[in-house]
K.L.:
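The following block contains the structure, expressed as structure tokens.
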Amino acid sequence: MLGSLSWGALPFVRAWREPNISEIIGAGAGSIVVIGAVVTIALITWLQAWEYLWTQWFTSLDHKKIGIMYIVIALVMLSRALIEAVLIRSQQAAAINGPGFVEPGHFAQLFSTHGSIMIFFMAMPFLTGMVNYVVPLQIGARDMAFPYLNSVGLWLTAGGSGLMMASLVVGEFSTGGWSGYPPYTELNFSGGPGPDYWIWAITLASIGSTTAGINIACTIYKFRAPGMTFLRMPLFCWTAVCTAILMIFAMPPLTVATALLAADRYLGTHFFTDDLGGNMMNYVNLFWLFGHPEVYIVVLPSFGVYSEVVSAFSSKELYGYKSLVIATMAIGVLSFTVWLHHFFTMGQSADINAVFGIATMAIAIPTGVKIYDWIFTMFRGEVRFTPPMVLSLAFMVTFVLGGFTGVILATPPLNYMVHNTLFVVAHFHNMLIPGTLYGLLAGYMYWFPKAFGFRLNERLGWISAGCWITGFYLAFFPLYVLGASGMARRTHEVFDPAFRPWLYVALFGAFVLFTALVTLFVQLFVSIRDRHANMVAVGDPWDARGLEWSVAAPPPEWNFAVIPQVESRDAFYWRKRNREAYKPVDHYQDIELPKPSACGVIVGLSAAACGFGLVWRIWWLVALFGAVVVATVIIRSFLRDVTRTIPAAEVEAFDRRWLAQAHYAKPVSRQREMSRRNEGLAEWTA
């Protein structure tokens with residue numbers, strides 16, 4: 001009945017049988033997951049909030065609520081992955097001429113889960129959630145093109161996240177790294193449930209991301225407001241559509257790779273084995289056909305955030321708009337031409353390596369264009385150093401430094417020398433943390449007032465931003481020195497005492513980064529507690545330029561009382577300048593919206609249960625929940641009553657209440673936009 005599942009799969013039992021530090025850490029991590037789940041369920045039950053959460057959130061097809069739920073998943077998974085990073089650094093600092101406190105197998109699992117979570121379950125949900133929330137508002141749409149598919153994508157991602165968390169409580173995770181390379185993940189070399197957890201969690205996430213890409217692209221192509229031509233779209237929308245295209249074409253190779261790897265493990269095929277016709281390099285090519293575009297999938301939305309933040313907090317129109325658009329699309333195209341630089345050492349000819357090295361260097365050119373455009377946007381602007389702006393500035397400096405090391409790694413002979421050392425780890429963290437994480441956090445702080453109607457605490461935002469920036473430099477710049485000195489990545493024990501001071505500095509930096517995360521949550525708690533003193537209900541606290549700021553904060557479910565007519569780029573900015581903002585419409589009409597649906601929840605969670613059954617070979621569980629997924633999809637296809645109507649009177653009542661708030665609010669100057677006087681009505685100058 002339980003397949004290969006046994007009591008020994010529980011970390012608590014293993015810790016009881018072998019009470020060493022490594023097993024106790026594993027049991028502690030599993031306990032945190034169990035206790036966290038129990039406390040959450042008990043708290044929701046005590047608050048009698050199950051019906052509210054089910055009807056208003058879990059089954060909602062509102063793109064804004066789906067976007068927020070994506071970001072909640074991302075923040076939870078970020079917490080786990082960052083704790084694992086601290087453990088990795090602690091082990092390496094403790095294991096100088098000694099075994100440390102984490103066993104080698106456990107250490108390899110930490111590496112695999114940290115990388116997998118940060119890419120697939122932190123960065124991807126975070127950016128998807130942000131795009132989900134912001135893009136329909138920026139283009140003047142009421143919702144995404146496919147609201148039900150949007151829900152399915154969210155819950156598939158949640159299901160994959162659930163499998164990742166289940167691996168802490170039942171069984172162990174893969175030791176094959178975040179990339180899952182064979183032969184480390186083949187059955188003959190890793191026969192436990194770890195690689196299977198990785199395969200099915202990543203498969204669910206990749207399918208969810210593919211659906212998200214299709215949805216985002218169709219929304220931007222087909223649902224723009226009248227007059228919103230492509231060259232009138234905000235830069236964030238351009239980066240979103242480029243990201244969507246990359247998702248559509250880059251995620252399927254990953255899904256194929258995990259499916260074929262699963263066939264090797266479950267069906268005895270030999271796609272990637274080292275015998276009987278298998279070729280593990282086929283896996284490597286498939287993975288990096290996904291993997292390098294994936295770098296830009298997670299970075300490009302942050303580039304869009306920086307464009308929005310720099311323009312808003314410089315009080316200037318974005319400099320070089322068309323060049324930024326061209327650079328964005330150039331990055332998207334070039335991202336498909338450089339995957340082989342991830343395995344320069346695998347035996348290709350010098351000619352092939354040279355071609356991919358040149359392509360890798362070429363992709364730095366459009367990125368440089370963006371940096372210069374942002375600098376010129378700030379030039380002679382009224383720059384305000386808010387936490388989102390500080391994160392954006394830190395990104396520019398740090399990303400350029402990381403770009404220099406990227407040029408080094410793009411040179412095949414130099415790459416050969418430092419390949420598989422900590423120099424590579426330092427480089428990709430140098431690109432992904434400021435390039436992705438700073439941007440996602442800046443966007444979170446920038447759009448938070450729009451989503452919830454009150455501002456975040458600025459003082460704690462400053463502290464968090466300062467810790468993210470300082471912690472990054474302390475945690476990763478020492479790794480350049482260690483890598484150049486020959487220290488290999490994924491090292492469990494260190495035998496050169498000269499590495500000791502650098503490892504200690506990196507460990508201290510990891511703790512500073514953890515402090516940044518804690519401060520981020522403290523900022524959220526304090527901001528919610530003090531929300532009544534920081535309300536910005538009018539909806540435009542920063543004197544921003546896009547249509548998302550032209551509606552109430554938080555926006556109504558229908559977004560716009562009437563779909564706006566767009567006459568120029570920065571539509572809301574010019575409407576304010578021409579005194580056309582905050583005016584009632586001539587005629588209100590009924591609005592049709594999708595009904596809530598439980599189908600997305602059922603599909604996502606049933607797919608996760610099916611994945612859990614596959615991990616442990618519980619075939620009745622696989623059959624049962626596989627049938628539930630298929631039946632739900634079929635039943636949903638026959639439903640016709642899937643929309644509801646918001647009466648014009650309700651729309652008008654909400655709109656007039658909001659307009660009255662805007663009429664009585666006192667405009668606030670840029671110098672006082674972080675004070676309690678800011679009610680969401682920014683002062684503007686002609």
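One-based numbering along the sequence shown. Just the heavy atoms: all of them, side chains too, but no hydrogens, waters or symmetry mates, feed the values below.
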K.L.:
Examine the side chains of Arg677 and Ser669 and answer whether a donor and an acceptor come within less than 3.5 Å of each other.
P.N.:
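Ser669 and Arg677 do not have a side-chain donor-acceptor pair below 3.5 Å.
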K.L.:
With distance as the sole test, does Ser311 use its side chain to make a donor-acceptor pair with the main-chain N or O of Lys316 at under 3.5 Å?
P.N.:
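Flag set: sc Ser311 to bb Lys316 pair under 3.5 Å.
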K.L.:
Hey, are the side chains of Ile73 and Leu154 touching, using non-hydrogen atoms and a 4.5 Å cut-off?
P.N.:
yes
K.L.:
To the nearest 0.5 Å, what is the distance between OG1 on Thr219 and CD1 on Ile214?
P.N.:
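Going from OG1 on Thr219 over to CD1 on Ile214, the span is 11.5 Å.
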K.L.:
Tell me if a side-chain donor or acceptor on Lys322 pairs with a main-chain N or O of Leu231 at a distance below 3.5 Å.
P.N.:
no
K.L.:
Given the rule in the side-chain contact (heavy atoms from CB on, under 4.5 Å) test, do Leu437 and Met122 qualify, once you have shown the distances and angles that lead to the verdict?
P.N.:
CA-CA 9 Å; Leu437 185 59; Met122 190 288 291; 4.1 Å; yes
K.L.:
Please report the C-alpha distance between Thr436 and Phe126 in whole Å, then the side-chain angles of each, then the deciding distance to 0.1 Å, and finally whether the side-chain contact (heavy atoms from CB on, under 4.5 Å) criterion is met.
P.N.:
CA-CA 10 Å; Thr436 300; Phe126 211 141; over 6 Å; no
K.L.:
If you round to the nearest 0.5 Å, how far is SG of Cys242 from CD1 of Ile297?
P.N.:
9.5 Å
K.L.:
What is the minimum heavy-atom distance between Ile363 and Ile331, and which atoms define it?
P.N.:
CD1-O, 4.0 Å
K.L.:
Examine distances only and state if a side-chain atom of Arg455 and a backbone atom of Val536 form a donor-acceptor pair shorter than 3.5 Å.
P.N.:
no
K.L.:
Can you find a side-chain donor-acceptor pair between Gln671 and Glu683 that sits under 3.5 Å?
P.N.:
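No donor-acceptor contact under 3.5 Å links the two side chains.
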K.L.:
I would like to know whether Asp543 and Glu382 meet side-chain contact (heavy atoms from CB on, under 4.5 Å); could you show each step before the answer?
P.N.:
CA-CA 12 Å; Asp543 187 28; Glu382 190 177 345; over 6 Å; no
K.L.:
Checking side-chain polar atoms at under 3.5 Å, does Thr377 have a donor or acceptor matched by the opposite partner on Ser314?
P.N.:
no
K.L.:
Any non-hydrogen side-chain atom of Pro226 less than 4.5 Å from a side-chain atom of Ile563?
P.N.:
yes
K.L.:
Yes or no on side-chain contact (heavy atoms from CB on, under 4.5 Å) for Met164 and Arg80, after CA distance, side-chain angles and deciding distance?
P.N.:
CA-CA 10 Å; Met164 293 294 298; Arg80 174 183 167 182; 4.1 Å; yes
K.L.:
Just checking Trp462: does its CH2 atom have more than 12 heavy atoms from other residues, nucleotides or ligands closer to it than 6.0 angstrom?
P.N.:
yes
K.L.:
Any side-chain donor paired with an acceptor under 3.5 Å for Asn132 and Asn150?
P.N.:
yes
K.L.:
May I ask you to check whether Tyr133 and Phe236 place their ring centers less than 6.0 Å from one another?
P.N.:
no
K.L.:
Would you confirm whether the ring centroid of Tyr582 sits within less than 6.0 angstrom of the ring centroid of Trp658?
P.N.:
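Yes, close enough.
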K.L.:
Closest heavy-atom contact between Leu61 and Pro596?
P.N.:
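Heavy atoms only, the tightest pair is CG-CA, 4.5 Å.
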K.L.:
Do the non-hydrogen side-chain atoms of Val551 and Asn559 ever get within less than 4.5 Å of each other?
P.N.:
no
K.L.:
Is the positively charged end of Arg569 above the ring of Tyr321, judged by distance under 6.0 angstrom from the centroid and angle within 45° of the axis?
P.N.:
yes
K.L.:
Are more than 12 heavy atoms from other residues, nucleotides or ligands located less than 6.0 Å from atom CZ of Phe521?
P.N.:
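Atom CZ in Phe521 is crowded, with more than 12 foreign heavy atoms closer than 6.0 Å.
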K.L.:
Is the ring pair Phe376/Phe379 parallel, tilted or perpendicular, if the boundaries are 30 and 60 degrees?
P.N.:
perpendicular
K.L.:
Side-chain contact, heavy-atom cut-off 4.5 Å: Pro136 with Met144?
P.N.:
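They are in side-chain contact.
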K.L.:
side-chain hydrogen bond (donor to acceptor under 3.5 Å, both in side chains) for Thr229 and Arg224? Distances and angles first, verdict last.
P.N.:
CA-CA 8 Å; Thr229 63; Arg224 301 189 310 280; over 6 Å; no
K.L.:
Would you say that Met233 contacts Met228 through its side chain, given a criterion of any heavy-atom pair below 4.5 Å between the two side chains?
P.N.:
yes
K.L.:
Sort and list the pairs that fulfil salt bridge (Lys or Arg N to Asp or Glu O under 4.0 Å) and have at least one residue in residues 546-558, not counting sequence neighbours.
P.N.:
Glu557-Arg644
K.L.:
In this structure, are over 12 heavy atoms from other groups packed under 6.0 Å from Phe249 atom CZ?
P.N.:
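No - once you tally the heavy atoms of other residues, nucleotides and ligands closer than 6.0 Å, there are 12 at most.
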K.L.:
Could you pull out the closest heavy-atom pair between Asp62 and Ser60, with the gap in Å?
P.N.:
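Between these two residues, the closest heavy atoms are N-OG, 3.1 Å.
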K.L.:
Measure the spacing between OH of Tyr306 and OH of Tyr438 and express it to the nearest 0.5 Å.
P.N.:
8.5 Å
K.L.:
When you measure from the side chain of Thr211 to the backbone of Gly208, do you find a donor-acceptor pair of N or O atoms at a distance under 3.5 Å?
P.N.:
yes
K.L.:
Has Phe230 got more than 12 heavy atoms of other residues, nucleotides or ligands less than 6.0 Å from its CZ?
P.N.:
yes
K.L.:
What class does the angle between the rings of Phe448 and Phe452 fall in, given that below 30° is parallel, 30 to 60° is tilted and above 60° is perpendicular?
P.N.:
tilted
K.L.:
Keeping the roles fixed (side chain from Ser151, backbone from Pro147), state whether a donor-acceptor pair exists under 3.5 Å.
P.N.:
no
K.L.:
Between Leu334 and Pro366, what is the shortest heavy-atom contact and its length?
P.N.:
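Nearest heavy atoms, Leu334 then Pro366: CD1-CG, 4.4 Å.
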K.L.:
With Asp143, which residues qualify under salt bridge (Lys or Arg N to Asp or Glu O under 4.0 Å), at least two apart?
P.N.:
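With neighbours one apart ignored, the set is empty.
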K.L.:
Side chains of Ser307 and Lys370: do they bring a donor and an acceptor to under 3.5 Å?
P.N.:
no
K.L.:
Do any N or O atoms from the side chain of Arg142 and from the backbone of Leu593 form a donor-acceptor pair under 3.5 angstrom?
P.N.:
no
K.L.:
Hey, can you tell me if His429 and His114 have their rings parallel, tilted or perpendicular (30° and 60° cut-offs)?
P.N.:
parallel
K.L.:
Side-chain contact, heavy-atom cut-off 4.5 Å: Ser550 with Phe560?
P.N.:
yes
K.L.:
As a test of understanding, state which of Phe472, Trp468, Trp374 forms a ring pair (Phe, Tyr, Trp, His ring centres under 6.0 Å) with Phe395.
P.N.:
Trp374
K.L.:
Out of curiosity, Ser302 OG to Met130 CE, how far, rounded to the nearest 0.5 Å?
P.N.:
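Separation between the atoms: 7.5 Å.
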K.L.:
Could you grab the distance from atom OH of Tyr573 to atom NZ of Lys576, nearest 0.5 Å is fine?
P.N.:
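The OH atom of Tyr573 sits 8.0 Å away from the NZ atom of Lys576.
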K.L.:
Establish, from distance only, whether the side-chain atoms of Ser464 and Gln523 form a donor-acceptor pair under 3.5 Å.
P.N.:
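No, no side-chain donor-acceptor contact under 3.5 Å.
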K.L.:
Is there a side-chain contact between Met389 and Val383 (heavy atoms, below 4.5 Å)?
P.N.:
yes
K.L.:
Which is it for Asn430 and Thr405 under the side-chain hydrogen bond (donor to acceptor under 3.5 Å, both in side chains) test, yes or no, and what are the steps along the way?
P.N.:
CA-CA 9 Å; Asn430 203 158; Thr405 62; 4.8 Å; no
K.L.:
Measure the spacing between CZ of Phe399 and CG of Leu401 and express it to the nearest 0.5 Å.
P.N.:
11.5 Å
K.L.:
Looking at side-chain heavy atoms only, is the closest gap between Leu235 and Thr328 below 4.5 Å?
P.N.:
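A side-chain contact exists here, since the closest heavy-atom pair is under 4.5 Å.
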K.L.:
May I ask you to decide if the ring planes of Trp542 and Tyr446 are parallel, tilted or perpendicular, using 30° and 60° as cut-offs?
P.N.:
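Ring orientation, 0 to 90° scale: parallel.
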K.L.:
For the residue pair Ser335 and His292, what are the closest heavy atoms and their distance?
P.N.:
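Ser335 and His292 have their closest heavy atoms at O-CD2, 4.0 Å.
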